[in-house]
Structures are given as structure tokens and as C-alpha cells.
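Working notes, structure below.
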2 protein chains.
Amino acid sequence: MGTVALLWRHEHPLPPRPGRRPTITLDAVVAAGIHEADEQGLHDFSLRRVAQRLGVGVMTLYGHVENRSQLVELMVDQCRLDMEWAPLTGPWAARLEQVADENLALLARHPWLAHVETERAVLGPGTLTKYERELGAVDPLPLDDVGKDQALALVLDFVRSSARALEAARAERTEETPEQWWAREGAELAALQVEERFPLAARVGQATGEATNAAADAAAAHVFGLAVLLDGLAARAGVSRERSAPA
Amino acid sequence: MGTVALLWRHEHPLPPRPGRRPTITLDAVVAAGIHEADEQGLHDFSLRRVAQRLGVGVMTLYGHVENRSQLVELMVDQCRLDMEWAPLTGPWAARLEQVADENLALLARHPWLAHVETERAVLGPGTLTKYERELGAVDPLPLDDVGKDQALALVLDFVRSSARALEAARAERTEETPEQWWAREGAELAALQVEERFPLAARVGQATGEATNAAADAAAAHVFGLAVLLDGLAARAGVSRERSAPA
DNA sequence: ACCTCTTTCCGTACGGCGTACGGACATTAA
DNA sequence: TTAATGTCCGTACGCCGTACGGAAAGAGGT
């Protein structure tokens, strides 16, 4: 079955057919895949593990899904379908902030989403619903349709980067502290007179490294970047950040 | 050998030692790796292929490099070391534009760089030189050191997203035209009355899809996004985009 | 010249991956 | 009961990264 047909499988539930009855549903495969990716990350995500989690053989999955990457696409759309939304309210900037927050929360819940490579659009119900909703945040801006799409993509790409930085900061704490890393590799670096040869880098690197909490830094960078983006959109669109959106 | 020692290997060339003479150098391994990744992409990049390109056995590589990911880190730093730089001139915004252009060119030459996952800083000579230079673009901004780092990271992350979009648009043309895709999957989508259920998405999606050239769209999005970022930085830093930088 | 020590090269092997093939099996329609 | 149909999944192939250990090659001492 084509990917589109599988994405929209709930639109046309197929009538019972002759032959052996399936022991697992595609929904169960997708759900197991999401759990597996949440726990193991996309790098260690494998069909064998998903099958094991479901208690079936690996090749059983191929009766429900064409291949690994199609399963990932289905997982992506499902995650978007499962988002919980409060209605967008307030001026456009507040709406865009809300959209950014929702996406950051989504990527915190499913960090692997920020690492999915298949940029080819996944035209499923979750993705379309999400896109429709988020266009509502940029719709008040006096931009043409292409510009609205670009403005939204700008914010979403930024959130993606933020999420990756936050995840990296989180992982850094669990697997190796900066002190351990420095004890291992830093001594050799110090012998290279970095301060003299790269004065700006040394100064700024020290400033960013001084804050004890890497995760807090990444969060601050997110707040800063989002403010810059909203200011920039306001300036470029020639509109105030506070102007409330039309109904 | 630790990664830092290998990154800075040209600082301390080691004296000749007894024993069999190496048939290949680490520089050759890194260069072969870069060529391989340029041609095959990071997904199909494998140590076996690199070894084949060099005419040696796979395990020979392990005499020069600890593992695959370390080789990728060395490749990343080498690419940054090989960048060609014209001096940064003009006001800060022009400098940042120049930095963005350089990075976009780098990622066009080596598309796999935009897909390297190891976000942990690669503290090699290429990375440090690049960081030092690029901080020179944001240095005139009235931000503290952490703010300068964040502003630079904001621009670089944006360029990374742009590069990925441009690469995807380029790949789309070589492997499958939108018409072919639509013929295969679009018919089913059309049957779902998307226009009525997702009016904004349908309208904007059609607008963005109408421009015949996907690559041109991605390029336009890059120009738009960079302008928004620079406007935003100017507004947030409370400074004009045209103010020239101090010497 | 020969032996020994050091270092590099790399064949073999292991466990894991995605997935093609085809037989075993369960279920329904005839 | 039989035939048809769809599902489950064991086996196998060719990839991958990489651990191990022996073969090969050069340098220094005798």
C-alpha cells in the first residue's frame, strides 16, 4: 500500500476479508515504534526491536508497512496527530510564541523527531492538521501566501534547532560531565595557547561555558532567538508585534 | 590517540619511529573520507568504502583513527580549515551576511555537513579559526559575550536549515519530479477533500507549489529568513543595520 | 648478516542491520 | 470438505562497525 493510503487509513477502514486475521494492527506497530524511538533514540531504532516489543517476528512488520522509512513517516504523522492544542489567541506574535512552545514540547516528548531526515513532506492527517493550525498564527501578517509559509518554516526550523541543543545539553549531563571531558581532552588543548591565537573565541567560549547549567543556557538561547525572530518578522512585515489579529 | 591530539596533529609532527612505515597518512584518510561523503552522502558513507578508495583493508583505518565517528569529526574540522576567506568588511549586518554566504557555500560543497549529528563541539583548528572569525561579525553588536554567541549560533543554525532545504530541492529534481510523485500518491490525496478540510493549508500549499522551481523557492526562503534575522538582531540589540563596525 | 623489537597492515569473525523469498498456517467462501 | 486468500515468520544475503591476533616490514644492536 502507498504511504498516503496508510497515512489516511482511518478515513476508509477496510471491510473484513477472507484469509488469516491479523494479530497486530498498523496502529499498534506505529505506537510501538514511537515508544521504541522515544526510549532508544532514532539511531538505535530498528525494526527488530519494534517487532520484539510487539512479540512478533521481524518480517511480520512487512505485512503492515513497506519498509523502515515508511514506518518512520507514519510515526511522525501520528505524533503530530497526538498533539494537544489550546486555541490560538491574542495578537500574531503571541500566537507564534504559542506555536513555538507547542513544537518545543512535542520535540521534548519525542526527541527523535528533530533527527528525522526525510524532509520530503509527509502529507498525512496529523501534518496537515498541524500545518493548517499553525498557518493561523502567521495569517494575520501582511505577507503573501508564500511569505506566510516561509515565516512559519523559519520559526519551526528554529524550534528544531533549539530542541536539538536542549537535548544535547540534557544528554551531556547523563553520560559525561564537562569536567570529565576536560580532564580527558582539555589538558592537551590548554597546551596549545588557544587564548593568544583565538582571543575572541576564548573569551566568548569561557563566557558561555561559565554558566554552570548547559540546559539553562540552551533555554536562554531559545528565548533570545525567538525574540529576535518575532522582532524581525514585525520589522520585515512592517507591523507592530502587539497588533491583535483579526477574528 | 585522543581526538584533540589528532585534530591538532600538524602542530606537533612526531619524529620518525622504528617499525614498519605507514603506507597511508591520516590526512589521506580524512581527504578520502571527505570525497566519499561528498559523493555518496553521509548515509552511505562507510569505512569499507573509504578503505577501498585508498586501496587498503578496512582495519588499516583503525591504525589511524579510533572509530567512525572520530573520523567524521576530523572531516568536519578539515572542511572548516579548507574554507577560503575574504576579510570581513562593512557594517555588522553586511559581515553577518558574508558569514551566512560562506557557510551556505560550505554546506553546498559538502552537503553531508548539515547532517552530522555530533553536536558536541569539535575543538580543532578549523573550528576554532572559523569561530574566531565569525565572532568578528557579531562583535560590533552591543550584546554581552553570551549574547554574541547566541546571535552567531542563530544565524548558523538558520543557514544549516536553508542548506538542507536547498539540498532537498536539488535532490528532488534528480530522483523524482513532483509530477511523478503526484501521479503515484496524489490521486488518493485528492479524494480526501483536502481543500475543504484544510483551507489555509490548501491555499498556501498551492501558492508555494506553484512556482515551478523548488530550488528557487528554497533560495527565496533563505533570503527572506536572513533578512528577518538581521532585522530582528538590529531591533533586539537596539542598533541600526547600517551602523558601521568599529575597527 | 642476523636477531629482536616496534609498529603497521589486514584476514577472519561476530553481532546487528534492512529486507527478499517462500513455506506454514489460519480463516472465509464455495 | 475443499479451495482460495491473506498473514505470520524462519532462513538467508549482503551490508555495517569493529575486536582479535598473526603476518609483514623497517630500525637498531650485535
Side-chain angles (χ1 to χ4, degrees), chain A residues 1-3 5-6 9 12-30 32-33 36-37 39-75 112 115-118, chain B residues 1 3 5-6 9 13-30 32-33 36-37 39-75 112 115-118:
Chain A
M1 278 221 276
T3 304
L6 292 185
R9 61 194 179 277
H12 300 293
L14 19 121
R17 296 185 298 171
R20 182 173 179 169
R21 214 83 60 61
T23 59
I24 55 174
T25 63
L26 176 51
D27 283 342
V29 175
V30 172
E36 191 65 26
E39 292 175 13
Q40 307 290 339
L42 200 57
H43 185 75
D44 293 342
F45 170 85
S46 76
L47 296 183
R48 284 177 158 88
R49 295 179 87 110
V50 174
Q52 202 164 26
R53 177 180 285 263
L54 290 167
V56 302
V58 205
M59 293 313 293
T60 302
L61 300 184
Y62 284 86
H64 302 263
V65 148
E66 282 178 359
N67 49 45
R68 180 197 142 115
S69 72
Q70 188 184 62
L71 173 55
V72 173
E73 286 186 27
L74 294 173
M75 287 159 54
W112 52 274
H115 301 273
V116 173
E117 296 269 353
T118 153
Chain B
M1 281 223 274
T3 304
L6 292 184
R9 61 192 179 278
L14 20 121
R17 297 186 297 173
R20 182 171 180 169
R21 215 81 61 61
T23 60
I24 56 173
T25 65
L26 176 52
D27 283 343
V29 175
V30 172
E36 192 64 27
E39 292 175 13
Q40 307 291 338
L42 201 58
H43 185 73
D44 293 341
F45 171 84
S46 75
L47 295 184
R48 282 176 159 88
R49 295 179 88 111
V50 174
Q52 202 163 27
R53 177 182 285 264
L54 289 168
V56 302
V58 205
M59 292 314 291
T60 301
L61 300 184
Y62 283 86
H64 302 264
V65 148
E66 282 179 0
N67 50 44
R68 179 196 144 114
S69 73
Q70 187 184 62
L71 173 56
V72 173
E73 286 187 27
L74 294 174
M75 288 159 53
W112 53 273
H115 301 274
V116 173
E117 296 270 351
T118 154

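Chain letters run A, B, ... following the sequence lines, proteins first and then strands; every chain starts at 1.
Listed by residue number, the members of residues 62-72 of chain B with any heavy atom below 4.0 angstrom from DNA chain D are B/Y62, B/N67, B/R68. For residues 41-59 of chain B, proximity to DNA chain C is found at B/R48, B/V56, B/G57, B/M59, defined as any non-hydrogen atom under 4.0 angstrom from a strand atom.
Note on residues 50-65 of chain A: pairs passing salt bridge (Lys or Arg N to Asp or Glu O under 4.0 Å), not counting sequence neighbours, are A/E36-A/R53, A/E39-A/R53. Residue pairs meeting the salt bridge (Lys or Arg N to Asp or Glu O under 4.0 Å) criterion with at least one member in residues 63-72 of chain A: none, sequence neighbours excluded.
Between atom CD of residue B/E73 and atom OG1 of residue B/T3 there is a gap of 5.5 Å, rounded to the nearest 0.5 Å. The distance from the CZ atom of A/F45 to the NE2 atom of A/H115 is 14.5 Å, given to the nearest 0.5 Å. For the atom pair CE of B/M1 and NE2 of B/H64, the computed distance is 10.5 Å after rounding to the nearest 0.5 Å. From B/L61, atom CG reaches atom CG of B/L54 across 6.5 Å, with rounding to the nearest 0.5 Å. One finds the OG1 atom of A/T60 at 11.5 Å from the CG atom of A/L47 (value rounded to the nearest 0.5 Å).
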Name every donor-acceptor pair, under 3.5 Å, that has one atom in a side chain of residues 19-26 of chain B and the other anywhere in the protein, sequence neighbours excluded.
{"residue": "B/T25", "atom": "OG1", "partner": "B/A28", "partner atom": "N", "Å": "3.0"}

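Residue whose closest nucleotide on DNA chain C sits further toward the 5' end, between B/G19 and B/I24: B/G19.
At whole-Å resolution of the value, CZ in B/R20 and P in D/dA27 are 13 Å apart.
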Q.
Could you go through B/R49 and B/D44, starting from their C-alpha distance and side-chain angles, then the distance that decides it, and tell me whether this counts as salt bridge (charged side-chain N to carboxylate O under 4.0 Å, His left out)?
A. CA-CA 9 Å; B/R49 295 179 88 111; B/D44 293 341; 5.7 Å; no
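The footprint of chain A on DNA chain C, defined by a heavy-atom cutoff below 4.0 Å, extends from C/dC17 to C/dT28.
OP1 or OP2 of D/dT7 lies within a sub-4.0 Å distance of a side-chain N or O belonging to A/R17.
Listed here is the closest heavy atom pair of A/G57 and A/A51: O-CB, 3.7 Å.
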